[in-house]
Each structure stands twice: as C-alpha cells, then as structure tokens.
Amino acid sequence: MAIDFTLSPEVQDVRQRVRRFMDEEVRPTEEKLRDREADRNAYVSAIAGLRQRARDLGLWNPHLPPEWGGMGLGPVAMAFVSAEAGRTGIGPYVLNAQAPDEGNMHTLLHAANPQQKEKYLRPLAEGRSRSCFAMTEPEVSGSDPTLIQTTAVKDGDHWVINGHKWFISGAKGAKFAILIARTDPDADPPQARNSAFLVDLPAPGWEIVRDIDTMHGQGNHCEIRITNLRVPAENMLGERGHGHLLGQYRLGPARLAHCMRWIGNAEVALEMMVDRANKRFTHGSLLADKQAIQWMISESVMELYTSKLMVLHGAYLIENGMPFRHEVAMAKVQVANTLWRVLDRAIQVHGALGYSADTPLERMMRNARSARLVDGADEVHMQTVAKNTIQWFKEDGHTRRATGDLL
Ligand SMILES: Cc1cc2nc3c(=O)[nH]c(=O)nc-3n(C[C@H](O)[C@H](O)[C@H](O)COP(=O)(O)OP(=O)(O)OC[C@H]3O[C@@H](n4cnc5c(N)ncnc54)[C@H](O)[C@@H]3O)c2cc1C
C-alpha cells in the first residue's frame, strides 16, 4: 500500500485560498465586529458582505457538488478547508458550511427525492434559508435514539406529530427542520421504529419554548414543544422506519466535520500559548524557557498532530467508500478532548489574563465543553470502539483492525 502525504495541487490551492480569505478578510472583520457587538445591523451587513465575497472567490459551498453550486470537494480536501475556516468563529458560516446546515445538506443529498431536493436543498445551498435537525429529547437519553418518544401517527395524507425536543441548534430562524419521530412503535429491531420528516417552519404546533441558556450563553440551541403538528405524507425523508439509519448516516460525516473545525480552534489556542510564552518574563527568563511550560507546549503539539492524522484517516476512509465509523468515533473523542486540554493549557500559560474575557480563550473554552457531548458523548463512542475491538480480536486474534489497520 502506498502512503503519500503529499497534497494534490488542487487541495494545496484551495487551502491557500481559504487561508488567505480567512486571514485577510474574515478575521479582521470578525475582530472589528467583536468590538461593537451591539450594532446588529452592522453585524448582519458585514457577514452578508463576506458571504458574497466567498461566492466571488469561488469558495462558496465547498462541501457540495457543482450541480448544487458547490466546489465539489471530498472529505479530505474539506478537512483542510474546515480547519482553516475553524480558526475563526464565523468562517464556516461565511462559506455556507456551518453546522447544522452542512450536515443537513449532506443528508438531503443522500436521502431526499428530486422534489424535496429542489424545495429544501436548493435554498439552503444558495444561502437563502437555514435549517435544524431535531432528534434529542429532554425526557429520554439522547445517546440512545431507540428511546425517542415523539410520535408520528398517520391521519389520511398527513402525519400528526406530538412530542418534545431540546438542544435543537439553529431552530430560531430555521425555514425547515429534519425531525425524527416514532412512526412504528412495535417494529423489531427498535432501530426501525423512527422515521424522518421535513417540517416547514414556522408551523402551527411547532412552538419554540426557549433558547436554552448554556455555559456559553444562548447559542440558538432551542427547546421545542410539538403539539398536533400536521406534516404532509410526501414530507417523509427517506423510507419509513429509516429515521435511525438516516441519523447514523448524517452523524458520521457531520462528526468528522466538527472535528475539522475544532482542529482550527485548537491550533489558534496553541499559537496563543506559544506567543504568550515567548513574551512573558518571570524568575529570570521567558516562560518559553521553562521546562514546565515546554512540556505543555509539546503535549499540545503531539495531541494536535495525532488529531490531524486521525481526522485525515477518517476523511480518507469516507472518501474511498471504506468502513469509517470506528475510526471516526476515535477521532471524535480524540479531537474533542485535545481541544479541551489545549485550551486549558493555553489559559494556564496566560495566567489571570487567560481567565479574563480580554482574550478569546475563555469564550473558546466554554464553547469547547460541548464538543465532548454533541454528536455522541465520549463514553458512547468509546463503548463502540471497545466493542469493535473485542469482537475483532475474537475474529482475528489481534487488534490491528481496531487500531486503524495501518501497521
Ligand atoms: C451545544 C449542543 C448542541 C446540540 N445540538 C443538537 C441538535 O442540533 N439536534 C439534536 O437533536 N441534538 C442536539 N444536541 C444534543 C446532543 O446530541 C445530546 O446531548 C447527546 O446526544 C447526548 O444526549 P443527552 O444529552 O440526552 O445525554 P444522555 O444520553 O442522558 O447521556 C448523559 C451522559 O451519560 C453517559 N452515557 C451515555 N450513554 C452511555 C453509555 N452507553 N455508556 C456509558 N456512559 C454513557 C455520557 O457521559 C453522557 O454524557 C446538542 C447538544 C449540545 C450540548
């Protein structure tokens, strides 16, 4: 097997173009906007301007095929684009590759029929609408979608849906939701009990109860009460009983897309750590000269390097149509925890300044805490990894398959 770490000229080119755009236009605008966050109009028009610039520069919809107005990049190239965009807060949105819309676009491409694609994917791809994905419920464990209690009951040519969802990112302002509900309570296996629906929003029976206050403030992660919501039968997305499958399909690449953005965040934190260590003088030398600080830098570097390799391997497997769930589960846990640890060390090296809101680190840290929960908590992925490992060891007599099948 040939392993070649050389980037193709196309990937090199797109990476450089996204980097330049983020460095020269997106980050400076973001910094200016942070200074006058209260001015909503200035904020909206600046972001709209950047989104137009992304279109003009041919960097719009990097994840979509050309027939949907995209750049047609595969997961490997996307890893580079997302890591560059993830170095800024608004970068992914400027490219129209933000969560949860990016994952929803992939889901629609995969599961929607031509009419549904035209109605829901087209406006999303053109940046004229936004969407959300509604699966998690407060009453039952989100880690186990077979427990979903929201019901959908057939009534003529409609489904009538009742239930309760929460942490639905992007719900405020969404033009539609991909909603997972129970259509077949007695189906066996339990994974066949749920179906997915496309819900036009706003709609009678879809009530946004609140934008949940989180440790990162209100981030448009909403609680939704669903009461006798009527959805036309043709709005089922994918086949009846395929809600669980569709969720799994969506979450695989979406998890990796999160990881790619988090790598950009972690790299910024590492650069801030090194920069501060190079400037802060104490006890006769710079922090950068102290072994305790060098250890923090080197641990962060090694963890980030490991994260990058794992993400690239996961992206390679997806791109080549090979089984990827095991490797993506490992990457998700690795990157989420690396982000947390690198940020923690960066704050430590900054001392009281790191604890203050004078640098972006405290905001990044509060945001990063969710990484170990969204798209599957650490323990759920680790359970999958362990189960696979034990099973494959029984089958193969060794653990190579579980460790990436690389050496
Ligand atoms: C910022 C944010 C945005 C989100 N956005 C969305 C969204 O847009 N749409 C959506 O549908 N959901 C969304 N979620 C919900 C997210 O997917 C769930 O929080 C996640 O699936 C975990 O479900 P839960 O919160 O019910 O925790 P639970 O399932 O109750 O789990 C609680 C804890 O139990 C442990 N645990 C769970 N299972 C196991 C196990 N098998 N073995 C050992 N330990 C276990 C883990 O430590 C876990 O953290 C979001 C969450 C956050 C924080």
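Keep in mind the model is a prediction, meaning the values are calculated, not measured.
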Can you tell whether the side chains of [X] and [Y] come within less than 4.0 Å, N to carboxylate O?
{"X": "Arg15", "Y": "Glu10", "answer": "no"}
{"X": "Asp396", "Y": "Arg401", "answer": "yes"}
{"X": "Glu267", "Y": "Lys308", "answer": "yes"}
{"X": "Arg372", "Y": "Asp378", "answer": "yes"}
{"X": "Arg19", "Y": "Asp23", "answer": "no"}
{"X": "Arg193", "Y": "Asp186", "answer": "no"}

Axial cation check for Trp340 ring with Arg369, 6.0 Å and 45° limits: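 Yes.
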
Could you check Arg27 against Thr88 for side-chain hydrogen bond (donor to acceptor under 3.5 Å, both in side chains), going step by step and ending with a plain yes or no? CA-CA 6 Å; Arg27 188 168 313 100; Thr88 69; over 6 Å; no

Assess whether side chain to side chain contact (heavy atoms under 4.5 Å, CB included) is satisfied between Leu343 and Leu361, documenting all intermediate values. CA-CA 7 Å; Leu343 276 165; Leu361 289 171; 3.8 Å; yes

Count the heavy atoms belonging to other residues, nucleotides or ligands that lie under 6.0 Å from [atom1] of [X], then report whether that count exceeds 12.
{"X": "Lys387", "atom1": "NZ", "value": "no"}
{"X": "Lys290", "atom1": "NZ", "value": "yes"}
{"X": "Glu234", "atom1": "CD", "value": "yes"}
{"X": "Arg400", "atom1": "CZ", "value": "no"}

Is a side-chain donor-acceptor pair under 3.5 Å present for [Y] with [X]?
{"X": "Asn96", "Y": "Asn61", "answer": "yes"}
{"X": "Thr151", "Y": "Asn162", "answer": "no"}
{"X": "Gln334", "Y": "Thr306", "answer": "no"}
{"X": "Asn265", "Y": "Arg87", "answer": "no"}
{"X": "Gln391", "Y": "Glu395", "answer": "yes"}
{"X": "Asp101", "Y": "Gln98", "answer": "yes"}
{"X": "Arg261", "Y": "Ser82", "answer": "no"}
{"X": "His244", "Y": "Asn194", "answer": "no"}
{"X": "Gln149", "Y": "His164", "answer": "no"}

Where do Thr150 and Glu137 land on the side-chain hydrogen bond (donor to acceptor under 3.5 Å, both in side chains) test, with the steps shown first? CA-CA 8 Å; Thr150 296; Glu137 304 179 353; 2.7 Å; yes

Between Trp392 and His398, is the ring centre distance below 6.0 Å?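 Judged by ring-centre distance (under 6.0 Å), Trp392 and His398 do not meet the cut-off.
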
Measure the spacing between OG1 of Thr136 and CD1 of Ile224 and express it to the nearest 0.5 Å.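 Atom-to-atom, Thr136:OG1 and Ile224:CD1 are 11.5 Å apart.
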
Let me see the working for Arg345 and Glu303 under salt bridge (charged side-chain N to carboxylate O under 4.0 Å, His left out), right down to the final yes or no. CA-CA 12 Å; Arg345 293 184 196 116; Glu303 288 169 17; 3.1 Å; yes

Quick one: does [X]'s side chain get under 4.5 Å of [Y]'s, heavy atoms only?
{"X": "Lys172", "Y": "Cys222", "value": "yes"}
{"X": "Ile226", "Y": "Lys165", "value": "yes"}
{"X": "Trp60", "Y": "Leu95", "value": "no"}
{"X": "Phe21", "Y": "Val26", "value": "yes"}
{"X": "Met273", "Y": "Val342", "value": "yes"}
{"X": "His313", "Y": "Val76", "value": "no"}
{"X": "Met365", "Y": "Ile347", "value": "yes"}
{"X": "Glu271", "Y": "Arg276", "value": "no"}

Side-chain donor/acceptor of Arg51 to backbone N/O of Val94, under 3.5 Å: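 Such a contact is absent between Arg51 side chain and Val94 backbone.
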
Given 3.5 Å as the limit, does a donor-acceptor pair link the side chain of His242 with the main chain of Gly238, or not?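 Flag not set: sc His242 to bb Gly238 has no pair under 3.5 Å.
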
Test Asp375 against Lys332 for salt bridge (charged side-chain N to carboxylate O under 4.0 Å, His left out), laying out the working first. CA-CA 9 Å; Asp375 290 355; Lys332 161 80 193 359; over 6 Å; no

Run the side-chain hydrogen bond (donor to acceptor under 3.5 Å, both in side chains) check on Gln52 and Asp56 step by step: do they pass? CA-CA 6 Å; Gln52 186 53 48; Asp56 297 344; 2.9 Å; yes

Nearest heavy-atom neighbours spanning Ser169 and Pro100: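 Smallest heavy-atom distance, with atoms named: O-CG, 3.5 Å.
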
Where do Trp166 and His221 land on the ring pair (Phe, Tyr, Trp, His ring centres under 6.0 Å) test, with the steps shown first? CA-CA 7 Å; Trp166 82 333; His221 308 295; over 10 Å; no

Yes or no on side chain to side chain contact (heavy atoms under 4.5 Å, CB included) for Gln218 and Arg210, after CA distance, side-chain angles and deciding distance? CA-CA 10 Å; Gln218 288 185 333; Arg210 59 179 173 139; over 6 Å; no

Can you list the steps and then say if Thr389 with Thr399 is a side-chain hydrogen bond (donor to acceptor under 3.5 Å, both in side chains)? CA-CA 6 Å; Thr389 305; Thr399 55; over 6 Å; no

With side chain to side chain contact (heavy atoms under 4.5 Å, CB included) as the criterion, how do Gln191 and Leu245 come out once you've worked through the C-alpha distance, each side chain's angles and the decisive distance to 0.1 Å? CA-CA 8 Å; Gln191 284 78 2; Leu245 268 182; over 6 Å; no

